[in-house]
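First up is the structure itself, then whatever we jot down about it.
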Amino acid sequence: MLDVQDLKKSYSGPQGQLPVLDGVSLRLEAGSSLALMGESGSGKSTLLHLVAGLDQADSGAIWVAGQSLAGLDEAGRAAFRRDRVAVIFQQFNLIPSLRVVDNLAFQARLAGAVDSTWLDWLTERLGLQALLHRYPEQLSGGQQQRVAVGRALAVRPPLVLADEPTGNLDEESADQVMALLLELVQQAGSSLLMVTHSNALAARLDRQLILKAGRVHGSAV
Ligand code: ADP
Ligand code: MG
């Protein structure tokens, strides 16, 4: 489902090139989940952004659902981001001018993949029926992140990427969002690559890796 081979990425800064990823390889089978851990600044978000097609690597290969990102031009990457992956961010990233109902359907509409039966089921399971006509600013953090989970899974993407999805939530909301995310990812048949700081959360996923000094290492949590 996801195959990352020898990925390298550095940023240019005032002191020259800052290497962040120095040969990262990992695989994620269809329908399975992987936790990516590592200290702040170790490059977890960088790796997620590359896999999401939001940024380009210096070298290496990324394959998602049989498609290589390397050969894609800007239009191809836009189509990839629309159809193949969905991203859940720590800061929710809902569209402020759209009501919940339209945030939920946003990516699915772009992708031409609206399945109203599935969307209705997701809405109910996420407990969002009574909130459909609100704007994001009228929601709590936990409610906003439930909308973001629904928006991501509405597309039933092959791959869901989540960058510390509960990092901004209180413990109770975090537990609730995480339980729903794991359940719905499974229902959608998607694979999940999730960045987390929490050993307890990482342990709920199928596999765990740690990013350190630009490389990934196995982890037993
Ligand atoms: P993590 O998510 O593990 O905390 P990041 O991937 O956000 O780490 O960042 C890894 C390193 O790359 C950090 O040193 C960060 O300052 C640097 N970095 C991230 N994005 C950029 C950017 N757009 N330009 C320059 N440096 C960046
Ligand atoms: Mg990060």
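Just follow the structure's listing: the first ligand is 1, and inside any ligand the first atom is 1. Here the structure is a predicted model, which means the values were calculated and not measured.
Using a non-hydrogen distance threshold of 4.0 Å, G38 does not register as a contact of ligand 1. The closest approach between any non-hydrogen atom of H49 and ligand 1 is not below 4.0 Å.
Between E29 and D206, the closest side-chain pair of non-hydrogen atoms is not below 4.5 Å. For the pair Q208 and L34, the minimum side-chain heavy-atom distance is 4.5 Å or more. Considering only heavy atoms from C-beta on, I210 comes within 4.5 Å of M37 through its side chain. Side chains of K9 and H49 form no contact here, defined as non-hydrogen atoms less than 4.5 Å apart. Between K212 and E39, the closest side-chain pair of non-hydrogen atoms is not below 4.5 Å. A 4.5 Å side-chain heavy-atom check between L104 and L132 finds at least one atom pair inside the cut-off.
Of the protein's heavy atoms, T46 OG1, 3.9 Å lies nearest to atom 9 (O) of ligand 1. If you check which protein heavy atom lies closest to atom 13 (C) of ligand 1, you get G41 O, 3.8 Å. Considering only non-hydrogen protein atoms, atom 15 (C) of ligand 1 sits nearest to L18 CD2, 4.9 Å. The shortest contact between atom 7 (O) of ligand 1 and any protein heavy atom is with S45 CB, 3.7 Å. Among all protein heavy atoms, the one lying closest to atom 8 (O) of ligand 1 is G43 N, 3.2 Å. Taking atom 27 (C) of ligand 1 as the reference point, the nearest protein heavy-atom neighbour is Y11 CD1, 3.2 Å.
Put simply, atom 22 (C) of ligand 1 has protein non-hydrogen atoms near it, under 4.0 Å away.
Using a 4.0 Å cut-off to heavy atoms of E39, the atoms of ligand 1 that qualify are 3 (O). Every atom of ligand 1 is numbered from 1 in the order shown, and the set under 4.0 Å from a heavy atom of V20 is 10 (C), 11 (C), 12 (O).
Here the options are V20, L7, L69, the test is side chain to side chain contact (heavy atoms under 4.5 Å, CB included), and the partner is L50; only L7 passes.
At least one N/O/S atom of S45, whether from backbone or side chain, sits less than 2.8 Å from the Mg ion (ligand 2).
Residues E74 and R81 are paired through a salt bridge, judged by an N-O separation under 4.0 Å between the basic side chain and the carboxylate.
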